[in-house]
Amino acid sequence: MPELPEVETVAQGLRRTILRKKLKGVEVFLPKTVRHGDLRDLVGRTVRRVDRVGKLMLLRWSGEMTLLWHLKMTGQILLARPAETLVKHTHLRFSFNGLDLRFVDLRQFGYVKLVPTAEAEAQAEFRALGPDALGLDHSEFLERIRGRRGRIKPLLLNQSFIAGIGNIYADESLFRAGIHPLTPASDLSHDQRRRLFGAINDVLTEALSLGGSSISRFCDVHGKLGYFQTRHQVYRRHQEACPACGSVIERFRLGGRGTHFCPQCQKV
DNA sequence: AGTTCCCTGAGG
DNA sequence: CCTCAGGGAACT
């Protein structure tokens with residue numbers, strides 16, 4: 001978290017507000033947040049485009065510079081009036097005319113990298129990404145899952161398989177598809193693969209339309225909360241009744257992640 | 001394939 | 001005090 005719908009929500013907010021604006025100044029309060037490049041090189045440039053691949057955001061600046069931006073767990077990109085006091089955990093401040101863009105990240109896992117646009121796709125975090133989960137082609141999904149040996153949930157979380165799915169949407173998609181998280185990918189029937197593809201698409205699309213899931217303080221660039229957490233059917237609903245069959249939702253750890261499922265609706 | 005690490009705050 | 005939250009890299 002933020003996962004694909006949340007990052008896209010932020011990207012949409014940025015597209016509506018900072019395109020064509022010229023950067024007047026930058027302040028770095030937590031230097032380790034800048035993993036590569038010198039943000040002062042951006043002063044005087046304008047934001048030309050905001051792209052997103054998986055959970056990675058890309059700000060394209062004039063002069064062919066790209067800012068790779070990963071929010072990781074608790075990163076927030078917030079617009080603010082310049083006079084507003086800096087909230088705790090503000091690590092970066094981009095100053096535009098009459099408008100600030102601020103990076104706030106409680107756990108300090110998020111980061112930016114500034115590189116020439118020509119080198120952006122050669123960066124490790126970009127190279128390691130599979131096709132974006134939103135708008136993924138059905139035949140490409142089937143092709144990519146063919147021959148995979150591991151269990152299905154860790155595979156969904158693997159960004160080089162498909163980019164953008166995190167813990168919430170993995171659990172929600174598997175529930176909707178009626179698939180147990182431990183099922184070996186190679187054991188999935190054709191029908192299960194088809195249902196899983198549909199479930200991923202539906203979950204991500206619905207989540208995006210509701211502004212994402214506001215878990216761990218996620219909000220858009222205006223500080224507005226998303227609503228999809230109210231639609232979660234299994235994620236963090238362990239010991240509650242399954243919305244489909246009434247069984248008790250269970251939770252266990254898988255690959256270090258909390259994993260939620262209905263033992264009745266999702267059999268191995 | 002599983003574990004550790006980064007990091008802070010919430011909750012017990 | 002302790003455990004837990006988890007994206008993703010690094011490690012075993």
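What you see is a predicted model; the values in this text were computed from it and never measured. As a basis for the values below, the full set of heavy atoms in this structure was taken, side chains included, without hydrogen atoms, waters or symmetry mates. Just so we're on the same page: letters track the sequence lines, and every chain starts at 1.
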Asks: Does A:F109 stack onto the base of C:dG7, taking stacking as ring centres under 5.5 Å apart and planes under 30° apart?
Replies: yes
Asks: Using ring pair (Phe, Tyr, Trp, His ring centres under 6.0 Å), reason through A:F261 and A:F252 one step at a time and then give a plain yes or no.
Replies: CA-CA 9 Å; A:F261 74 107; A:F252 67 102; 5.6 Å; yes
Asks: With no angle test and no hydrogens, is the base of C:dG8 tied to the side chain of A:R257 by a donor-acceptor pair under 3.5 Å?
Replies: yes
Asks: Taking atom P of C:dC4 as reference, at what distance in whole Å does atom CG of A:L254 sit?
Replies: 16 Å
Asks: Check whether A:R45 reaches the backbone of A:S62 with its side chain - one donor and one acceptor, N or O, closer than 3.5 Å.
Replies: yes
Asks: Output the rounded distance in Å from CG (A:L68) to C1' (C:dG8).
Replies: 15 Å
Asks: Is A:Q159 close enough to C:dG8 that one of its side-chain N or O atoms is under 4.0 Å from OP1 or OP2 there?
Replies: yes
Asks: Closest to the A:R151 side chain: B:dG2, B:dG9, C:dG7?
Replies: B:dG2
Asks: What verdict does the ring pair (Phe, Tyr, Trp, His ring centres under 6.0 Å) test give for A:W69 and A:F103, after you've listed the backbone C-alpha separation in whole Å, the side-chain angles of each residue and the deciding distance to 0.1 Å?
Replies: CA-CA 10 Å; A:W69 206 333; A:F103 182 52; 5.5 Å; yes
Asks: Does A:G256 or A:H89 map to a spot on DNA chain B nearer the 5' end, using the closest nucleotide for each?
Replies: A:G256
Asks: Does the ring centre of A:F197 sit less than 6.0 Å away from the ring centre of A:H138?
Replies: yes
Asks: Is there a side-chain polar atom (N or O) of A:R35 under 4.0 Å from OP1 or OP2 of C:dG8?
Replies: no
Asks: Reading DNA chain C from 5' onward, which residue's closest nucleotide shows up sooner: A:A124 or A:M73?
Replies: A:M73
Asks: Tell me the interatomic distance from A:Q123, atom CD, to C:dA9, atom C1', rounded to whole angstroms.
Replies: 15 Å
Asks: Looking only at side-chain N and O atoms, does A:K88 come under 4.0 Å of OP1 or OP2 in B:dT8?
Replies: no
Asks: Just by distance, do the side chain of A:D171 and the backbone of A:H260 share a donor-acceptor pair under 3.5 Å?
Replies: yes
Asks: Base, sugar-phosphate alone, or nothing: which one does A:Y111 contact when heavy atoms must sit under 4.0 Å apart?
Replies: nothing
Asks: For A:I168, does its backbone N or O pair with a side-chain atom of A:E3 as donor and acceptor, under 3.5 Å?
Replies: yes
Asks: Take atom CZ of A:F218 and atom P of B:dG9, then tell me their distance rounded to the nearest Å.
Replies: 20 Å
Asks: If I take atom CD in residue A:Q108 and atom P in nucleotide C:dG8, what distance separates them, rounded to the nearest angstrom?
Replies: 18 Å
Asks: Whole angstroms only, please: what is the NE2-C1' distance between A:H36 and C:dA9?
Replies: 18 Å
Asks: Just the rounded figure in Å: distance from C1' of C:dA9 to NZ of A:K55.
Replies: 13 Å
Asks: Taking OP1 and OP2 of C:dG7, is either one under 4.0 Å from a side-chain nitrogen or oxygen of A:H70?
Replies: no
Asks: Starting at CG of A:L56 and ending at C1' of C:dG7, how long is that distance when rounded to a whole Å?
Replies: 12 Å
Asks: Looking for any heavy atom pair under 4.0 Å, which part of the strands does A:G110 touch: base, sugar-phosphate only, or nothing?
Replies: nothing
Asks: Classify the nucleic acid contact of A:R149 as base, sugar-phosphate or nothing, counting any heavy atom under 4.0 Å across all strands shown.
Replies: nothing
Asks: Reckon A:K32 has a side-chain N or O less than 4.0 Å from the OP1 or OP2 of B:dC6?
Replies: no
